[in-house]
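Notes follow once the structure below has been shown.
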Amino acid sequence: MHNSYNFAFLDEGSKREIRRAILKAVAIPGYQVPFASREMPIGRGWGTGGLQVTLSCIGPADVLKVIDQGSDASVNAVSIRTLVQQTTGVATTTSTQEATLIQSRHRIPERPLTRDQLMVLQVPTPEPLRTYEPRETVTRRLHAEAEYTGAYLELFEQIVRYGTTTTGADHPVMVNGRYVMAPSPIPRYDNGRLDNADNLFLFGAGREKKIYAVPPHTKVESLAFDDYPFVREDFEGKRCCVCGATGVFMTQTVDPATGETAWQCSDTDYCSNHVAHHREGGRA
């Protein structure tokens, strides 16, 4: 049976409603804009929010890249990329440089993005105050009043107990000096990429029905204290076992040949480019 879909799967009315929410999110950086999250052909919690944002923004001339934890080949990335490609016919790529629209789960590419690129991040829990305040009516009031004592108190308790903050990912940030925002479960290593970036970041949470944004050249600061400054993951002395790169975010793995612990670039495109660069240098 042959199924004919509307361009980008969603009907035009749905896409217009999502675009209006995106425009408001861009106008108020870091503010969570409610939207009528649609049913999608993937389960809630598997990227439906990011997917709806992507489908509402993509055009026939776009080039799409989808990554999961930095990888283009994971199940989540392949499934979403296939769905978007089959319902739009757009070109897809694994190259960060060639993509005009990038959808990601848990990573921002190592290569700096440009003003012509749009980055969409999938978000499971958009409310940064949810861990200490379960009521939506209360968190909305706290944001309205810029009352973020609880967010700082959580970090203070971590320091008292463990001597440092223990947020491995999704460390809260202050956007444009006004709203505390959950940056999606990206590692702390990537928080700095949101600050004063050339590109637009859009965040979609389908299960929680929220969209928010960080426009280009917007100040984004990770929450911290003067005497306990924000510290990102440290990979000093670590080298990628595939390409030999240093100074990038890495994941711990096991060398299949020796059985010993090894480190590998999380960003597969960066890793492959680094390998190609060294090969060309060797031939030269």
_Can you confirm whether Tyr152 sits close enough to Phe225 that some side-chain heavy atom of one is under 4.5 Å from a side-chain heavy atom of the other?_
yes

Sorted by chain and number, sequence neighbours left out, side chain to side chain donor-acceptor pair (under 3.5 Å) with Thr93 holds for Glu98

message: For the residue pair Thr92 / Arg81, report whether a side-chain donor-acceptor contact shorter than 3.5 Å exists.
response: no

Exactly one candidate in Thr54, Leu202, Val90 meets side-chain contact (heavy atoms from CB on, under 4.5 Å) with Leu101; the answer is Thr54

On a heavy-atom basis, the closest approach of Ala262 and Asp255 is CB-N, 4.1 Å

_Using the rule given for side-chain contact (heavy atoms from CB on, under 4.5 Å), can you reason through Ser79 versus Ile42, listing the C-alpha separation, both sets of side-chain angles and the distance that settles it, and then say yes or no?_
CA-CA 9 Å; Ser79 299; Ile42 60 175; 5.6 Å; no

Legend entry - Distance-only polar pair, side chains of Thr251 and Gln69, donor-acceptor under 3.5 Å: no

(request) State, without any angle test, whether Gln158 and Thr167 hold a side-chain donor-acceptor pair at a distance under 3.5 Å. (result) no

Any luck finding a side-chain donor-acceptor pair between Thr94 and Asp269 under 3.5 Å?
-> no

Can Glu17 and Arg20 be counted as an ion pair, charged N to O under 4.0 angstrom?
-> no

Ignoring hydrogens and angles, state whether a donor on the side chain of Ser37 or Arg44 is under 3.5 Å from an acceptor on the partner side chain.
yes

In this structure, CZ of Arg161 is separated from CD1 of Ile159 (nearest 0.5 Å) by 13.0 Å

Check: Is there a side-chain contact between Gln122 and Ser184 (heavy atoms, below 4.5 Å)?
Finding: no

Check: Any chance CZ of Arg130 has more than 12 other-residue heavy atoms, nucleotides or ligands included, within less than 6.0 Å?
Finding: yes

Taken to the nearest 0.5 Å, the spacing of Gln103 CD from Ile80 CD1 works out to 4.5 Å

Check your understanding: Taking atom types as modelled, is there a side-chain donor on Thr125 or Glu127 under 3.5 Å from an acceptor on the other?
Key -> no

Any side-chain heavy atom of Pro216 within less than 4.5 Å of one from Arg115?
no

